[in-house]
Amino acid sequence: MATSLTRPVAPEPYALLPPVPSFTVTSTDWVHGAPIPDVHTHTDAGGGVSPQLSWSGFPEGTAGFAVNVFDPDAPGVAGWWHWTVLGLRPDVTSLDRDAGRPDGSGLPAGAFHLRGDDGVAGYVGSAPPPGDQVHRYYVAVHALDTADLGLTPDTPPGAASCVLVFHTLARAVLMGTYQR
């Protein structure tokens with residue numbers, strides 16, 4: 001008997017959190033609401049390259065940033081964390097394409113990756129199960145009230161997400177889609 005992946009579409013994840021002001025995140029690689037180019041996927045057609053990101057319009061007094069990529073449509077109860085970057089200084093307003101290399105060499109000084117749900121510290125591209133519904137990949141940039149969340153590279157991304165709720169002054173969201 002084949003497993004059915006038929007299920008409801010998950011809600012937009014950041015709509016479920018306490019509301020905060022928004023600011024702008026853009027990418028030269030991803031277009032909000034559009035399919036993600038294969039190079040940013042973890043498929044046979046992809047290269048697992050993290051997208052370029054830039055952000056602006058965040059609140060005065062921002063003490064640091066966190067960036068994550070989350071798929072709420074993964075076939076499980078908790079979605080799937082593809083990338084989390086912590087320790088971004090307040091003067092860092094972009095990440096270069098391929099900043100998500102697992103060795104951390106693409107990150108600005110002081111920043112670090114958490115291990116995602118694949119167990120990799122770094123960006124792991126989209127890879128929904130073949131034949132599954134369209135998956136949405138939310139890039140969120142969090143403007144923080146602190147430069148140090150007290151988290152380490154061993155912190156699970158879901159735990160970091162909970163800590164971020166208490167320190168996010170504003171949030172910028174960009175969403176790409178992918179289906180195989």
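In this text the structure is predicted, and so the values were computed from the model without any measurement.
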For Asp148, all residues meeting salt bridge (charged side-chain N to carboxylate O under 4.0 Å, His left out), sequence neighbours excluded:
none

The criterion is salt bridge (charged side-chain N to carboxylate O under 4.0 Å, His left out); which residues satisfy it with Asp154, sequence neighbours excluded?
none

Considering all heavy atoms of both residues, which atom of [X] and which atom of [Y] are nearest to each other, and what is their separation?
| X | Y | value |
| --- | --- | --- |
| Tyr123 | Gly48 | CD2-O, 3.4 Å |
| Pro90 | Ala63 | CD-O, 3.3 Å |
| Phe23 | Val141 | CZ-O, 3.3 Å |
| Ala160 | Thr155 | N-CG2, 4.0 Å |
| Ser50 | Gly100 | OG-N, 2.8 Å |

Spacing of [X] atom [atom1] and [Y] atom [atom2] [to the nearest 0.5 Å]:
| X | Y | atom1 | atom2 | result |
| --- | --- | --- | --- | --- |
| Leu53 | Asp96 | CG | CG | 10.0 Å |
| Thr177 | Gln133 | OG1 | CD | 12.0 Å |
| Asn68 | Ser161 | CG | OG | 6.5 Å |

Is there any side chain to side chain donor-acceptor pair (under 3.5 Å) pair reaching into residues 105-117, and which pairs are they, with sequence neighbours excluded?
Trp83-His113, Arg101-Ser105, Asp103-Ser105

Treat each ILVMFWY residue as a node, draw an edge where side-chain heavy atoms are under 4.5 Å apart, and state whether [X] and [Y] are in one component.
| X | Y | answer |
| --- | --- | --- |
| Val139 | Trp81 | no |
| Val67 | Leu174 | yes |
| Leu17 | Met175 | yes |
| Val124 | Ile36 | no |

Tell me, do [X] and [Y] make a side-chain contact under 4.5 Å, heavy atoms counted?
| X | Y | value |
| --- | --- | --- |
| His40 | Asp98 | no |
| Val85 | Leu107 | yes |
| Phe70 | Pro13 | yes |
| Leu95 | Pro108 | yes |
| His142 | Phe65 | no |

The criterion is side-chain hydrogen bond (donor to acceptor under 3.5 Å, both in side chains); which residues satisfy it with Tyr178, sequence neighbours excluded?
Asp38

Checking Thr43 now: which residues fulfil side-chain hydrogen bond (donor to acceptor under 3.5 Å, both in side chains) with it, not counting sequence neighbours?
Thr41

My understanding is that only residues two or more places apart in sequence, or in another chain, count here; which of them pass side chain to side chain contact (heavy atoms under 4.5 Å, CB included) with [X]?
| X | result |
| --- | --- |
| Thr93 | Trp55, Phe58 |
| Pro129 | Leu5, Pro75, Asp132, His135 |
| Ala78 | none |
| Val31 | Ala34 |

Please go through Leu16's hydrophobic cluster and name the other residues, only I, L, V, M, F, W, Y counting, with side-chain heavy atoms under 4.5 Å joining them.
none

Please give the remaining members of the hydrophobic cluster of Leu151, linking ILVMFWY side chains under 4.5 Å, ordered by chain and number.
Leu86, Phe112, Leu114, Leu144, Leu149, Val163, Leu164

Counting only N and O atoms by type, is there a donor-acceptor contact under 3.5 Å from the side chain of [X] to the main-chain atoms of [Y]?
| X | Y | result |
| --- | --- | --- |
| Arg180 | Pro128 | yes |
| Arg97 | Thr28 | no |
| Ser4 | Thr6 | yes |

Can you tell me how the ring of Tyr14 sits relative to the ring of Tyr138, calling it parallel under 30°, perpendicular over 60° and tilted otherwise?
perpendicular

Under 6.0 Å from the CG atom of Asp91, do we count more than 12 heavy atoms belonging to anything else shown?
yes

Is His167 atom NE2 crowded by more than 12 heavy atoms from other residues, nucleotides or ligands, each under 6.0 Å away?
yes

Regarding Glu60 and Thr62, is there a side-chain donor-to-acceptor distance under 3.5 Å anywhere?
no

Please, which pairs that meet salt bridge (charged side-chain N to carboxylate O under 4.0 Å, His left out) have at least one residue in residues 61-73, sequence neighbours excluded?
Asp73-Arg136

Tyr137 and His82 aromatic centres sub-6.0 Å:
yes

